[in-house]
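Note that the structure is a prediction, hence the values are computed from the model and not measured.
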Amino acid sequence: MMDSEIMVEAVRGALTESAHRGHLAVIDTERRCVASVGSPLHYTFARSAAKLLQAIPLLESGGAAQYAFDDRQIALICASHNGEDEHASCVLQTLRALGLDESALRCGVHEPYHRPTADRLKRDGVPLTPLRNNCSGKHAGMLALSLWLQAPAQTYTSADHPVQRLMLQTVSEMCGLPEAQITLAVDGCGVPVFAMPLAALAYAFARLGSPDSLPAQRAEACRRIVAAIAAQPYYVAGTGRFDTRLAEVTRGRVIGKMGAEGVYALTIPERGWGLALKIEDGSARALYPAVMEALIQLDALLDHEIASLSEFHRPAVINRHEREVGRLIPVFKLSPGIK
């Protein structure tokens, strides 16, 4: 196992004040390593980056078609959304299609990620519900799959529930790993979360975006997931969020998903590549600069796309007087293949 490398530095004035180390793997559909930083075999939890993979069983089984879910709903099932009004409304619409309401959700309650929405709800005395939870779309999808499988909906978060067993099986198959090599724990929203080598996660995302080698039903499910996010990127994250902007600006040529604790995974369908990244200290502030720099070095973004996403590449450090006093600067160089 190779050591991590410094990927992003926080520079204040002329001094590098902090440094964020990490690992990265770019893998193709033949499971070849295209590029890397640190160890492509670094073993970590995928966290919410796995949501696109977790959505596959609902589409593959015919459940999404049975409930006539549209692109917004499919994107939201894959989302860590902002909790804006449109997100909450779409989750409620999805639940009502199942004959349920927000009381069926087991994801818990937190303030919306979108600060203006959170401030408005607090100002107006509107109580928070699970609809605003960033994982409520994923949980609505799990409820849909539970009903479609005729499994008990009340216990859908349990690791031994048919929904969670099917999702583990799907993640295992997409990553090309036996289930025994995937470590399970509990995610922030209460459902199982999966750990695997970054190279395996990147391989899964390569196949997600370029699924021709997969069985027909699975390949179609993967295409629908990628197409839904490309068509409705707002619903995979929301206003001002990187996942949404990346899909918008590239018009779906690059589809990515963040995960907590400094994880990111993306697919570049036209190249048959998947990328997975882990910031070792879990820092969110270093995540998008590292992803942007990797995409630039891979020549995966056009000049106007880089310009449109520049706020994420080398974001400014702003002080209490609204003055720029530093920047976050990516400093790594991709190595071809495994070093």
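Rounded to the nearest 0.5 angstrom, Lys51 NZ and Ile56 CD1 are separated by 15.5 Å. For the atom pair CD1 of Ile74 and CG of Leu59, the computed distance is 4.5 Å after rounding to the nearest 0.5 Å. Rounded to the nearest 0.5 angstrom, Leu184 CG and Phe194 CZ are separated by 6.5 Å. Distance check, rounded to the nearest 0.5 Å: OG1 of Thr250 to NE2 of His304 gives 9.0 Å. Distance check, rounded to the nearest 0.5 Å: CE of Met174 to CG of Leu214 gives 5.5 Å. For the atom pair Arg207 CZ and Asp212 CG, the distance stands at 12.0 Å (nearest 0.5 Å).
For CD of Glu324, the number of neighbouring non-hydrogen atoms (other residues, nucleotides, ligands) closer than 6.0 Å is greater than 12. Counting heavy atoms of neighbouring residues, nucleotides and ligands inside a 6.0 Å radius, atom CZ of Arg31 exceeds 12 of them. Within a 6.0 Å radius of CG in Asp124, more than 12 heavy atoms belonging to other residues, nucleotides or ligands are found.
In terms of modelled atom types and a separation under 3.5 Å, the side chain of Thr117 and the main chain of Glu84 share no donor-acceptor contact. A donor-acceptor distance shorter than 3.5 angstrom exists from the side chain of Asn319 to the backbone of His321, with no hydrogens or angles considered. Judged by distance alone, with hydrogens and angles left aside, the side-chain atoms of His110 form a donor-acceptor pair with the main-chain N or O of Asn134 at under 3.5 Å. Not a single donor-acceptor pair under 3.5 Å links the side chain of Gln297 to the backbone N or O of Ala294. Gln66 contributes no side-chain N or O that, together with a main-chain N or O of Ser61, makes up a donor-acceptor pair within less than 3.5 Å. Side-chain atoms of Ser4 do not come within 3.5 Å of backbone N or O of His23 as any donor-acceptor pair. For Ser146 (side chain) and Met142 (main-chain N/O), no donor-acceptor pair under 3.5 Å exists by modelled atom type. Distance alone, capped at 3.5 Å, is enough to place a donor-acceptor pair between the Asn133 side chain and the Cys107 backbone. Side-chain atoms of Tyr43 come within 3.5 Å of backbone atoms of Thr183 as a donor-acceptor pair (strictly under, hydrogens ignored). Of the possible donor and acceptor atoms, one in the side chain of Gln164 sits under 3.5 Å from a partner among the backbone N and O of Tyr156.
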(request) Would you please test Ser308 and Arg245 for side chain to side chain contact (heavy atoms under 4.5 Å, CB included) and show each step? (result) CA-CA 9 Å; Ser308 295; Arg245 293 289 295 137; 4.2 Å; yes

(request) Start with the C-alpha gap between Thr129 and Glu102, add the side-chain angles, then the distance that decides, and say whether side-chain hydrogen bond (donor to acceptor under 3.5 Å, both in side chains) holds. (result) CA-CA 7 Å; Thr129 76; Glu102 60 264 38; 4.8 Å; no

(message) Determine whether His139 and Thr157 satisfy the following criterion, side chain to side chain contact (heavy atoms under 4.5 Å, CB included), listing intermediate values before the conclusion.
(response) CA-CA 9 Å; His139 280 247; Thr157 63; 4.1 Å; yes

(message) Pair Cys78, Lys257 - check side chain to side chain contact (heavy atoms under 4.5 Å, CB included), show working.
(response) CA-CA 9 Å; Cys78 301; Lys257 182 70 188 69; 5.7 Å; no

(message) Please determine whether side chain to side chain contact (heavy atoms under 4.5 Å, CB included) holds for the pair Tyr113 and Arg241, giving the CA-CA distance in whole Å, both sets of side-chain angles, and the decisive distance to 0.1 Å.
(response) CA-CA 10 Å; Tyr113 286 169; Arg241 295 275 300 281; 3.8 Å; yes

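Between Trp273 and Asp28, the shortest heavy-atom distance links the atoms CD1-CB, 3.8 Å. Minimum heavy-atom separation, Ala316 to Arg327: N-NH1, 3.6 Å. Arg47 and Ala260 make their closest contact through CG-O, 3.5 Å (heavy atoms, listed as atom of the first residue, atom of the second, distance). The shortest heavy-atom contact between Thr170 and Leu53 is CG2-O, 4.0 Å. Heavy atoms only, all atoms of each residue included: Lys278 and Glu261 are closest at NZ-O, 2.5 Å. The two residues Ala237 and Asp243 come nearest to each other via the heavy atoms CB-CB, 3.9 Å.
Ile229 and Leu208 fall within the same hydrophobic cluster, defined by Ile, Leu, Val, Met, Phe, Trp and Tyr side-chain heavy atoms under 4.5 Å apart, directly or through other members. Follow the hydrophobic side-chain contacts under 4.5 Å out from Leu24 and you reach Phe242 in the same cluster. Leu52 and Leu58 fall within a single hydrophobic cluster, where Ile, Leu, Val, Met, Phe, Trp and Tyr side chains are chained together by heavy-atom contacts under 4.5 Å. Ile279 and Tyr264 fall within the same hydrophobic cluster, defined by Ile, Leu, Val, Met, Phe, Trp and Tyr side-chain heavy atoms under 4.5 Å apart, directly or through other members. Note: the hydrophobic cluster containing Met292 also contains Val37 (ILVMFWY, side chain heavy atoms under 4.5 Å, direct or indirect links).
Proximity of Leu275 to Ile268: side-chain heavy atoms (C-beta onward) are nowhere separated by under 4.5 Å. Glu305 has its side chain out of reach of Val254: every pair of non-hydrogen atoms, C-beta onward, lies at least 4.5 Å apart. Residues Leu98 and Tyr67 are in side-chain contact: their nearest non-hydrogen atoms beyond the backbone lie under 4.5 Å apart. Side-chain contact between Val191 and Met167: absent, with no pair of heavy atoms (C-beta onward) separated by less than 4.5 Å. Glu173 is not listed as a side-chain neighbour of Pro215, based on a closest heavy-atom distance of 4.5 Å or more. Between Gln54 and Leu145, every side-chain heavy-atom pair lies at or beyond the 4.5 Å cut-off. Contact annotation: the side chain of Pro330 never approaches that of Met7 to less than 4.5 Å [non-hydrogen atoms, C-beta and beyond]. You'll find the side chain of Thr16 stays beyond 4.5 Å of the side chain of Val331, heavy atoms only.
For Lys333 and Glu5, the salt-bridge test fails: no basic side-chain N is under 4.0 Å from an acidic carboxylate O. A salt bridge links Arg115 with Asp119: the distance from a Lys NZ or Arg NE/NH1/NH2 to an Asp or Glu carboxylate oxygen falls below 4.0 Å. Look at Glu179 and Arg165 and you find a salt bridge, because one of the NZ, NE, NH1 or NH2 atoms lies within 4.0 Å of a carboxylate O, short of that distance. A salt bridge links Arg132 to Asp85: at least one charged side-chain nitrogen sits closer than 4.0 Å to a carboxylate oxygen.
Side chains of His313 and Glu293: a donor on one and an acceptor on the other come within 3.5 Å.
Exactly one residue among Arg72, Glu86, His81 makes a side-chain hydrogen bond (donor to acceptor under 3.5 Å, both in side chains) with Tyr234. That residue is Glu86.
A perpendicular orientation is assigned to the rings of Tyr288 and Phe312, their planes being inclined by more than 60° (bins at 30° and 60°).
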